[in-house]
2 protein chains.
Amino acid sequence: LICLKEITKVYGKNNNEVRALNGVTLHIESGEMTAIIGPSGSGKTTLLNIIGCVDQATTGEYWLNNVYVPDCGQKEKAKLRNERFGFIVQDFALVERYSVIKNVLLPLTYSSKKIPKSRAAELLDMLGLSDKHKTLASDLSGGQRQRVAIARALINDPDIILADEPTGALDVKTGNEVMEIFEQLNREGKTIIMITHNYEIANRCKRTIMIEDGRTEEKKSTKIA
Amino acid sequence: LICLKEITKVYGKNNNEVRALNGVTLHIESGEMTAIIGPSGSGKTTLLNIIGCVDQATTGEYWLNNVYVPDCGQKEKAKLRNERFGFIVQDFALVERYSVIKNVLLPLTYSSKKIPKSRAAELLDMLGLSDKHKTLASDLSGGQRQRVAIARALINDPDIILADEPTGALDVKTGNEVMEIFEQLNREGKTIIMITHNYEIANRCKRTIMIEDGRTEEKKSTKIA
Ligand SMILES: Nc1ncnc2c1ncn2[C@@H]1O[C@H](COP(=O)(O)OP(=O)(O)OP(=O)(O)O)[C@@H](O)[C@H]1O
Ligand SMILES: Nc1ncnc2c1ncn2[C@@H]1O[C@H](COP(=O)(O)OP(=O)(O)OP(=O)(O)O)[C@@H](O)[C@H]1O
Ligand SMILES: [Mg+2]
Ligand SMILES: [Mg+2]
């Protein structure tokens, strides 16, 4: 499904260069649930942004299904982003002056799928926010904002979910509830790639990829089955 | 040092009320390191904002040393915030267009203490950001931004450090390095109050306060000495 070959990403120029990714080769099958774990600044968000067609690699190859992404124009990439991916970003990126429900409904305005608006309320209730639909995004706690970002990423029924530290602002119990939602979606066939700093969360994923200094490595399974 | 009595905080009016804090009574001694733990939306950030004179309680009493805070005017509260507290906020609140070092130096512009500018570089190096001084805040990873927020909160040598999930965006190793900095400051006599979702982090604090639905409770120590 997702095939990356020798991906590099370089920011800056001359002697002020930052090699955020330094030759990443990675294959992800449809329906897999994969965790990406690694130190702060090691390239995780950069990697997820390239997979999600939000950012472009400096060199290297990226096939999404059989589409060669570097050859796609802006319009095609926007279509991929809206239709195939649900992206939970590290800083949530909510519209502060909109209500919770309006935030969650945003992706439907440019969706070609027939999603009923009631799905927004359904997702919010699953995430423990049933009494917050009308609340302004700016009036929420950190973990409530994270959950709104999750609902918004899921509303368009994407087949690939990209989650940048989806439980980072949540207590253990709420974080587990979010993981149960992801596990259910994974059972339904969704592909899930999540960045996490939490080894317990990573252990619930079928596969873990370690990243350090812009290079990735498969983590050999030490899970007890 | 910090004495809260029957603190409530209510947002909204009429039948649309949110009781973020519902009668909190709490005493914190000078030099203590205290963790606050509890579910998302339970009132932790609200509590820290009231302690740090960033927000005002709806009812209840708050003494900081022997100053009765509800009677303080805006100017007095600003003075308390700048001189006594170092605040690491949950969303970091960096100035995106400034460099890392300029962000860290900001509190010195209204400080009456004689802090050398070299202290900014020193803190950044302790936090693993020695190669990022000149980088724009907008070009940082999530965990790098969190560490800049930490450096900025510490530069004015505050005697009370308020940290809203200071390791939330960090991998385990970097989070431990941050905790070592806090433990060192605590040995030097600083009072530290941190909100965390991470029980391992909380266990490194002398005392843990649990919070749920706007009410607090002391956690009986189950630590093995
Ligand atoms: N400005 C506001 N207007 C209305 N409600 C608010 C406002 N700020 C906070 N709240 C509500 O008060 C409650 C407590 O919020 P608070 O930010 O203190 O929670 P928290 O314990 O820090 O949560 P988290 O762990 O998710 O960060 C939440 O239900 C939140 O929606
Ligand atoms: N726009 C940019 N310009 C310059 N450098 C950048 C930019 N974006 C990211 N970087 C750098 O690239 C490196 C990787 O960043 P990235 O955000 O991918 O890290 P991360 O693994 O997600 O870290 P964290 O766990 O802290 O979120 C970091 O050193 C960061 O400073
Ligand atoms: Mg990141
Ligand atoms: Mg909070």
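Residue numbering restarts at 1 for every chain, and letters A, B, ... go by the order of the sequence lines. These values consider heavy atoms only, across backbone and side chains, with no hydrogens, waters or symmetry-generated copies.
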Fill in: Sub-4.5 Å side-chain heavy-atom contact between B:Met179 and B:Met194
yes

Practice prompt. Spell out, as yes or no, whether a donor-acceptor pair under 3.5 Å connects the side chain of A:Tyr62 to the backbone of A:Pro70.
Written response: no

Worksheet item: OG1 of B:Thr196 to NZ of B:Lys44: how many Å apart, nearest 0.5 Å?
Response: 9.5 Å

Practice prompt. May I have the step-by-step check of side chain to side chain donor-acceptor pair (under 3.5 Å) for A:Gln184 and A:Glu188, ending in yes or no?
Written response: CA-CA 6 Å; A:Gln184 171 59 26; A:Glu188 292 171 14; 2.9 Å; yes

Fill in: Among the listed options B:Thr45, B:Asn16, B:Leu170, B:Thr46, the residue most often paired with chain A at heavy-atom distances under 4.5 Å
B:Leu170

Worksheet item: Side chain, backbone, both or neither: which part of B:Arg145 has a heavy atom under 4.5 Å from chain A?
Response: neither

Discussion item. Taking every non-hydrogen pair under 4.5 Å, which of A:Pro39, A:Ser40, A:Gly38 racks up the most with chain B?
Written reply: A:Ser40

Item to complete: Could you look at A:Tyr199 and say if it's the side chain, the backbone, both or neither that has a heavy atom under 4.5 Å from chain B?
Response: side chain

Discussion item. Run the side chain to side chain donor-acceptor pair (under 3.5 Å) test on B:Thr59 and B:Thr8 for me, step by step, so that the C-alpha distance in whole Å, both residues' side-chain angles and the decisive distance to 0.1 Å come before the verdict.
Written reply: CA-CA 5 Å; B:Thr59 66; B:Thr8 71; 2.6 Å; yes

Practice prompt. Decide, yes or no, whether a salt bridge links B:Glu177 with B:Lys173 under the criterion of side-chain N to carboxylate O below 4.0 Å.
Written response: yes

Item to complete: Sort A:Gln144 into side chain, backbone, both or neither according to what part of it lies under 4.5 angstrom from a heavy atom of chain B.
Response: both

Worksheet item: Out of A:Ala169, A:Gly168, A:Ser42, which one racks up the most heavy-atom pairs below 4.5 Å with chain B?
Response: A:Ala169

Worksheet item: Which bit of B:Glu165 is near chain A, if near means a heavy-atom gap under 4.5 Å: side chain, backbone, both or neither?
Response: side chain

Discussion item. Tell me if the CD atom of A:Glu200 is crowded by more than 12 foreign heavy atoms within 6.0 Å.
Written reply: no

Worksheet item: How would you list, by chain and number, every residue that makes a side-chain hydrogen bond (donor to acceptor under 3.5 Å, both in side chains) with B:Thr174, sequence neighbours excluded?
Response: B:Asp171

Worksheet item: Hey, is A:Asp213 close enough to A:Arg19 for a salt bridge, meaning N to O under 4.0 Å?
Response: no

Discussion item. Sub-4.5 Å heavy-atom contacts with chain A: which residues of residues 123-142 of chain B show up?
Written reply: B:Lys132, B:Ser141, B:Gly142

